[in-house]
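We count ligands from 1, going down the list as the structure has it; atoms in each ligand are counted the same way. Not measured: the values here are computed from a predicted model.
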Amino acid sequence: MDKMRIRGGKALSGTVEVSGAKNAALPILISALLTDEKCKYSRVPRLEDIRTTLKLLSHMGVIVEDRLDQSEVVLSTPVTAQTEAPYDLVRTMRASVLVLGPLLARFGYAKVSLPGGCAIGARPINFHLTGLEKLGAKIELENGYVIATAKKLKGNRVGFEFPSVGATENLMMAAVLAEGETVLENCAREPEIIDLACALRGMGAEISGEGSEVIHIQGKSSLHGCNHEVMGDRIEAGTFLAAAFGTGGSVRVMGLRSEALESVLVKFEDSGALITRGDRFIELRSQGRPKAVDFTTLPYPGFPTDMQAQFMAVLTVADGASLISETIFENRYMHVPELIRLGANISIRGNTAVIRGTEKLKGAPLMATDLRASASLVLGGLFAQGETEVSRIYHLDRGYDRMEEKLRLLGAQIERVKA
Ligand code: EPZ
C-alpha cells in the first residue's frame, strides 16, 4: 500500500486548478443510465471512486469510453443493460445506490446491494427507499439486496425527513422519467445537486428549483444524450486553502465559483485569513497564525461536513481553543487520534471536539482511515516540523486527483512512496 511522505514547516504559495467535483461526477455519470443515447462528460476527475463507478456501469452493460487521461468519459446505455449492482462493487463505494432511481425509471426494475456502513457512519438509505415508494415503486429487502420494481413510476409529492444529498439525487433521477409532476420538498441544496440538475436538463429533463428546498420535476417519456462539463471540486479547493492557511502561506485556487464554499471562506476570515473571491477563483492570504474559531457542520449552505477534518487540522495550530460540532455523521472524528500523534491537543465529548492550538506539531507516522480524515493527516504533516508518513492513502485516492502533484506545485515537500 502506498504511503505519502511529507516534510513539513514550509509556507505554501502559488496557484492550483481544482479537478471536477467527485460528488457531482458520481451522480452525473450514473444519470447516463436514463437514456440509450451518448452522454459525453468532461472535467471528470481521475479518482478511484470514478473508476469504481465506470466498472459498475460497464458491469451493467453500459458502453464506457474511458478517456479519463483527458478527464473525459462517454457513456451510452443500451436497452439490454443489466439492472443489478452487486455487493462487491456497492460495498467499495456507497454512491452505487444512486443507480436505483435511474434503473427503476428506465427499466422498471433494480436489484442493488444494500451499501452497508462505512468508517464514518451507518449510512442508511431509508429516505431513498421511502421516496421511491412514494413514486409507486415496490421495495423488498432480500439477502442484503434491495429489489425495487415499478411498472411505471408516477409523479408525487415527496417530503424528505432530512435534506439528504443522495436521497435528493436518487429521487431527481427517478422523477425525470415518471408519469406527471413530482414535487420534492426539504431537498438538499448542495451545489452538486444543481450540477446534476443541469446535466439532467441537458438530457431534456424538465426540472426547476434545484438549489432550493423544493424541486419541481415534470416527467418525460424519454431523455436524449448530453454534453456536460462537471463543476469544480469545492472540497478539494477548501483543502488546498486550509493547507495554505495552516502553513502561513498564500494560495489561489482556480476553477470554481466562490459561493460554493462561502460558509468555509467566512470561517477562514473569522480565523484571520484574507480571502479574495474572484469570478472563477478564490485566494487566501495568511496574516499570521490562525485564530481559534468554532463551527458546526450543517447541510448546505451551512459548513460542509466534508471540510470538518481539514479545518480541524488548521485549528490544531491556531492561537486559542476551538469548538467543533459534527452534526451530519455519527463517527467522523477518526482523524483525531492520528492528529494527536503529531502533538495536537484535542478532546472529544460526544459529537463535539475541543481543539487547543499549539505551535509545535512534530512529524510522526500516521494511518489514514477514511477519505477526508486522510486529507486532514496530510495537512497535519504539512504543518508539523520534521517528517510525517501517512499510510493507507488509498483512502485519499478515492477523492483527490493527484493531490501530491498539486501540493508540490504550491511548494510542499511531499512524495508518494510506492509500496
Ligand atoms: C453525500 O453523501 C456525499 N457523498 C458525502 O461526501 C457528504 O459528506 C454527504 O453527502 C453530506 O454532504 C456523495 O455525494 C457521493 P446524506 P450522502 O444522504 O448522500 C443520513 C465525501 O467525503 N441518512 O446527505 O450519503 C446519513 O446517515 C463524502 O466526499 C439517513 O439517515 O449523505 C447522514 O447522517 C462522505 N437516511 C445524513 O443523513 C438516508 O436514507 C446525511 O447523509 C440517507 C441519509
Side-chain angles (χ1 to χ4, degrees), residues 19-31 45 47-50 52-53 56 90 92-101 112 114-134 139 141 146 158-173 184 186-196 230-231 233-239 260-261 263-264 297-311 325-332 334-335 351 368-376 395-401:
S19 301
K22 168 177 88 79
N23 291 349
L26 293 178
I28 288 171
L29 292 179
I30 288 172
S31 72
L47 305 171
E48 277 317 299
D49 274 7
I50 296 293
T52 303
T53 303
L56 170 67
V90 176
T92 51
M93 189 193 62
R94 315 184 55 268
S96 312
V97 292
L98 292 175
V99 304
L100 264 174
V112 178
L114 277 166
C118 73
I120 63 176
R123 313 290 294 273
I125 60 168
N126 53 317
F127 303 153
H128 301 237
L129 302 180
T130 43
L132 292 171
E133 282 176 325
K134 279 279 183 67
I139 304 281
L141 301 183
V146 173
V158 178
F160 295 112
E161 191 181 318
F162 179 86
S164 152
V165 171
T168 302
E169 292 167 342
N170 235 334
L171 269 289
M172 285 164 73
M173 293 191 280
L184 304 179
N186 194 25
C187 295
R189 298 168 52 193
E190 274 70 5
E192 292 76 20
I193 301 276
I194 297 177
D195 207 30
L196 172 61
V230 177
M231 66 179 275
D233 193 316
R234 62 195 175 104
I235 304 301
E236 185 188 15
T239 305
L261 207 55
S263 57
V264 180
T297 64
L298 289 167
Y300 192 89
F303 190 100
T305 174
D306 290 352
M307 272 300 299
Q308 178 257 105
Q310 301 91 304
F311 211 103
S325 296
E326 171 56 61
T327 69
I328 305 293
F329 291 110
E330 63 268 31
N331 186 32
R332 204 166 199 180
M334 310 271 278
H335 43 290
N351 74 342
T369 50
D370 59 270
L371 168 54
R372 304 304 171 182
S374 46
S376 165
H395 292 290
L396 195 75
D397 295 332
R398 293 192 52 179
Y400 286 91
D401 182 353

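- When all heavy atoms of Gly302 and Ser263 are compared, the pair lying nearest together is O-OG, 3.2 Å.
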Go through the steps to decide whether Ile235 and Tyr400 satisfy the test side chain to side chain contact (heavy atoms under 4.5 Å, CB included), and finish with yes or no.
CA-CA 9 Å; Ile235 304 301; Tyr400 286 91; 4.1 Å; yes

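- At the shortest separation from atom 2 (O) of ligand 1 among protein heavy atoms lies Arg123 NH2, 3.6 Å.
- Looking at every heavy atom in both residues, Arg398 comes nearest to Leu47 through O-CB, 3.4 Å.
- Among His128, Glu190, Arg372, Gln308, the residue whose heavy atom sits closest to atom 29 (O) of ligand 1 is Arg372.
- Of the N or O atoms in Glu169, none lie within a sub-3.5 Å distance of an N or O in ligand 1.
- Taking every non-hydrogen atom of Phe162 and a distance limit under 4.0 Å, the qualifying atoms of ligand 1 come out as 37 (C), 38 (O), 41 (C).
- Under a 3.5 Å cut-off, the side chain of Asn170 and the backbone N or O of His128 do not form any donor-acceptor pair.
- Scanning both residues, Leu196 and Ser31, for their nearest heavy atoms gives CD1-CB, 4.2 Å.
- Remark: minimum distance from atom 19 (O) of ligand 1 to any protein heavy atom is reached at Gly166 N, 2.8 Å.
- Scanning all protein heavy atoms for the shortest distance to atom 34 (O) of ligand 1 gives Ile328 O, 2.5 Å.
- Between the side chain of Glu330 and the main chain of Ala122, a donor-acceptor pair closer than 3.5 Å is present.
- Between Thr239 and Met307, the closest side-chain pair of non-hydrogen atoms falls below 4.5 Å.
- Closest to atom 3 (C) of ligand 1 among all protein heavy atoms lies Asn23 ND2, 3.6 Å.
- In terms of heavy-atom proximity, Pro27 sits nearest to Met173 at O-SD, 3.7 Å.
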One pair to check against side chain to side chain contact (heavy atoms under 4.5 Å, CB included): Ile193 and Met172. What are the steps and the verdict?
CA-CA 9 Å; Ile193 301 276; Met172 285 164 73; 3.8 Å; yes

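- In terms of protein heavy-atom proximity, atom 43 (C) of ligand 1 is nearest to Pro124 O, 3.3 Å.
- Counting heavy atoms under 4.0 Å from ligand 1, residue Tyr300 does not touch it at all.
- The Lys22 neighbourhood of ligand 1 comprises atoms 21 (C), 29 (O), with distances under 4.0 Å to a heavy atom of that residue.
- Of all protein heavy atoms, the one closest to atom 36 (N) of ligand 1 is Asn126 OD1, 2.7 Å.
- A salt bridge between Glu236 and Lys22 is absent, with no side-chain N of the basic residue lying under 4.0 Å from a carboxylate O of the acidic one.
- Proximity of Asp306 to ligand 1, defined as any heavy-atom pair under 4.0 Å, is confined to the side chain (atoms from C-beta onward).
- Taking all atoms of both residues into account, the shortest heavy-atom contact from Ile50 to Ala25 is CD1-CB, 3.7 Å.
- Only the side chain of Arg94 comes within contact range of ligand 1, with a heavy atom under 4.0 Å; no backbone atom does.
- Between Asp306 and Arg332 there is a salt bridge, with a side-chain nitrogen of the basic residue lying less than 4.0 Å from a carboxylate oxygen of the acidic one.
- Checked against a 3.5 angstrom limit, the closest N/O atoms of Phe127 and ligand 1 fall inside it.
- Looking from atom 12 (O) of ligand 1 to the surrounding protein, the closest heavy atom is Val165 CG2, 3.9 Å.
- Looking at ligand 1, you won't find any N or O of Ile120 less than 3.5 Å from one of its N or O atoms.
- The shortest N/O to N/O separation between Phe329 and ligand 1 does not fall below 3.5 Å.
- When Pro163, Ala25, Ala24, Ser164 are ranked by how near their heavy atoms come to atom 18 (O) of ligand 1, first place goes to Ser164.
- The shortest N/O to N/O separation between Thr305 and ligand 1 does not fall below 3.5 Å.
- Looking at atom 35 (C) of ligand 1, its nearest protein heavy atom turns out to be Arg332 NH2, 3.6 Å.
- No N or O atom of Glu330 sits closer than 3.5 Å to an N or O atom of ligand 1.
- Residues Leu98 and Ile30 approach most closely at O-CG2, 3.5 Å, considering heavy atoms.
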